[in-house]
Amino acid sequence: MNRISFLGGNGHCAARLDEARRHFSGVELAGAELIDTPYPGFEGRPRAESFEAFLDSVAAHLREAAPGLVYGTGIGGLLALCLRARGELSGIPLVFQGTVLWGLERRWMPRMMRLGLAQIALRRAFAAPAFQRRFARKHFTRPPSPGLLAAFFDGYARCTAAPDFFAWMTPALLRRLEAEIAARPEALADVRVWWGGLDRVVSPRELKWTEAALGPGARWPLRVFPAWGHYPMIDDPAGWAREISDAVAAARAV
């Protein structure tokens, strides 16, 4: 069985993968399994006591899952690098798609969201139907079903870890990672990067900023999918499932 462990971004909910998961069970992708890695504090789970405890939980699940590939999107890519810096995921290929990396310290939203009032305002905005409709028009390349859209935003509403993430994932974390990766340069090996040509959430400039911070080891192969946005697992679940299945099969062959 070719297992793909998925590391989602902020507010991730299992419903984002429902349609894609059905393609993994189809005949054309037989032998591939998509595993949604659970995060403490997401979807009503208890919050972790610290970032290290959070990473411990994620690492334990990944060790049990024994994936052939780890796929990180949004902050999921940065979490994968945190695990690599700790010596986890050795020998397991990583695919980063539209991931937040060293641009974390340049983006205005993480800075704003360390303020309690900003967190309240964002939660209210995400709960507003008008905001949800605008977000969907801007960031999805095809309209999701009403049920999926509701589940998408409910993921943010039920993510009690959101304040912790903004407190934990700061420039100080990046400085620590730079030192840890300098001492363990193999942490940057076997990483491929995918980006949607229509991604309006995260810019590919993340890669330039990351390479400037980490050096040539972070000059990873980039593949751009012109028709993808930031959420290909929702916009193009069949095509997304095929691409991941092909990637894990190729990694296993190597």
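- With contacts defined as side-chain heavy-atom distances shorter than 4.5 Å, the pair V248/I4 qualifies.
- Nearest approach of S5 to T37, heavy atoms of both residues: CB-OG1, 3.8 Å.
- The closest side-chain heavy-atom distance from D236 to W228 is below 4.5 Å.
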Output side-chain donor-acceptor pairs under 3.5 Å for residues 149-163, partner residues at least two apart or in another chain, one line each.
from	atom 1	to	atom 2	distance (Å)
Y156	OH	N10	O	3.4
R158	NH2	E43	O	3.3
T160	OG1	G41	O	3.1

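- Between L78 and the options T210, L7, L174, a side-chain contact (heavy atoms from CB on, under 4.5 Å) holds for only L174.
- A salt bridge is defined here as a Lys NZ or Arg NE, NH1 or NH2 lying under 4.0 Å from an Asp or Glu carboxylate O, and E243 with R192 fails to meet this definition.
- From R176, atom CZ reaches atom CD1 of I181 across 10.5 Å, with rounding to the nearest 0.5 Å.
- In this structure, T73 and V202 have side chains that are not in contact, with every pair of non-hydrogen atoms separated by 4.5 Å or more.
- Environment of CD in E52: crowded, with over 12 heavy atoms of neighbouring residues, nucleotides or ligands closer than 6.0 Å.
- Using a 4.5 Å cut-off on side-chain heavy atoms (C-beta onward), L94 and R84 make contact.
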| Please walk me through it: do E33 and F24 pass side chain to side chain contact (heavy atoms under 4.5 Å, CB included)? | CA-CA 6 Å; E33 180 183 4; F24 280 94; over 6 Å; no
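- If you check the side chains of D36 and H12, you find a donor sitting under 3.5 Å from an acceptor.
- Separation of atoms CD1 (I244) and CZ (R242) is listed at 12.0 Å; rounding is to 0.5 Å.
- Distance alone, capped at 3.5 Å, is enough to place a donor-acceptor pair between the E206 side chain and the G103 backbone.
- For the pair S245 (side chain) and A241 (backbone), a donor-acceptor distance under 3.5 Å is absent.
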| request: For the pair Y39 and V58, evaluate side chain to side chain contact (heavy atoms under 4.5 Å, CB included) and give the outcome as yes or no after the intermediate values. | output: CA-CA 6 Å; Y39 292 162; V58 175; 3.8 Å; yes
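- Applying the side chain to side chain donor-acceptor pair (under 3.5 Å) test to every pair with at least one member in residues 55-70, sequence neighbours left out, gives these pairs: D56-R86, R63-E88.
- Annotation: F96 is not in aromatic contact with W194 [ring centroid separation under 6.0 Å not met].
- R106 places no side-chain N or O within donor-acceptor distance of the main-chain N or O of W209, the cut-off being under 3.5 Å.
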| task | Determine, step by step, whether I234 and R16 satisfy the side chain to side chain contact (heavy atoms under 4.5 Å, CB included) criterion, reporting the C-alpha distance in whole Å, the side-chain angles of both residues, the deciding distance to 0.1 Å, and the verdict. | result | CA-CA 6 Å; I234 295 175; R16 297 190 191 190; 4.2 Å; yes
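- Looking at heavy atoms from C-beta onward, F51 lies out of side-chain contact with F165 at the 4.5 angstrom threshold.
- Pairing each heavy atom of T99 with each of G76, the nearest pair is OG1-C, 4.4 Å.
- A donor atom on one side chain and an acceptor atom on the other are found under 3.5 Å apart for E178 and W102.
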Check: residues 128-136 side-chain donor-acceptor pairs under 3.5 Å, at least two apart:
from	atom 1	to	atom 2	distance (Å)
Q132	NE2	F126	O	2.7

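- Residues R175 and E105 are paired through a salt bridge, judged by an N-O separation under 4.0 Å between the basic side chain and the carboxylate.
- The two residues I75 and G8 make their nearest non-hydrogen contact at CD1-O, 3.7 Å.
- Between the CE atom in M233 and the CG atom in D18 there is a gap of 12.5 Å [rounded to 0.5 Å].
- The hydrophobic cluster containing W195 also contains F225, counting ILVMFWY residues as joined when their side-chain heavy atoms lie under 4.5 angstrom apart, directly or transitively.
- No chain of hydrophobic side-chain contacts below 4.5 Å, direct or via other Ile, Leu, Val, Met, Phe, Trp or Tyr residues, connects L198 to L222.
- Rounding to the nearest 0.5 Å places CG of L89 at 10.5 Å from CG of L69.
- Side-chain contact between R45 and P38: present, with at least one pair of heavy atoms (C-beta onward) separated by less than 4.5 Å.
- The closest side-chain heavy-atom distance from L104 to M169 is below 4.5 Å.
- One distance of note links CG of L17 with CD1 of I35; it measures 11.5 Å at 0.5 Å rounding.
- In this structure, T141 and Y231 have side chains that are not in contact, with every pair of non-hydrogen atoms separated by 4.5 Å or more.
- Side-chain atoms of R142 come within 3.5 Å of backbone atoms of D235 as a donor-acceptor pair (strictly under, hydrogens ignored).
- When hydrophobic clusters are built by joining Ile, Leu, Val, Met, Phe, Trp and Tyr residues whose side-chain heavy atoms come closer than 4.5 Å, directly or via intermediates, F140 is grouped together with V201.
- Closest non-hydrogen pair, P221 versus V191, comes out as CD-O, 3.3 Å.
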| task | Show your working on side chain to side chain contact (heavy atoms under 4.5 Å, CB included) between L55 and L83 and close with a plain yes or no. | result | CA-CA 7 Å; L55 290 177; L83 293 172; 4.1 Å; yes
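- Taking the six-membered ring where tryptophan is involved, the planes of F6 and W240 are perpendicular, since the angle between them exceeds 60° and thus also 30°.
- A donor-acceptor pair under 3.5 Å links the side-chain atoms of W220 to the main chain of L188, judged by distance alone.
- In the hydrophobic clustering of this structure, L101 groups with V193; members are Ile, Leu, Val, Met, Phe, Trp, Tyr whose side-chain heavy atoms approach within less than 4.5 Å, directly or through other members.
- Closest of all the heavy-atom pairs between A238 and H23 is CB-CE1, 3.4 Å.
- With hydrogens and angles disregarded, a donor-acceptor distance shorter than 3.5 Å links the side chain of Q97 to the backbone of H230.
- In this structure, CG on L62 lies 7.0 Å from CD1 on I92, to the nearest 0.5 angstrom.
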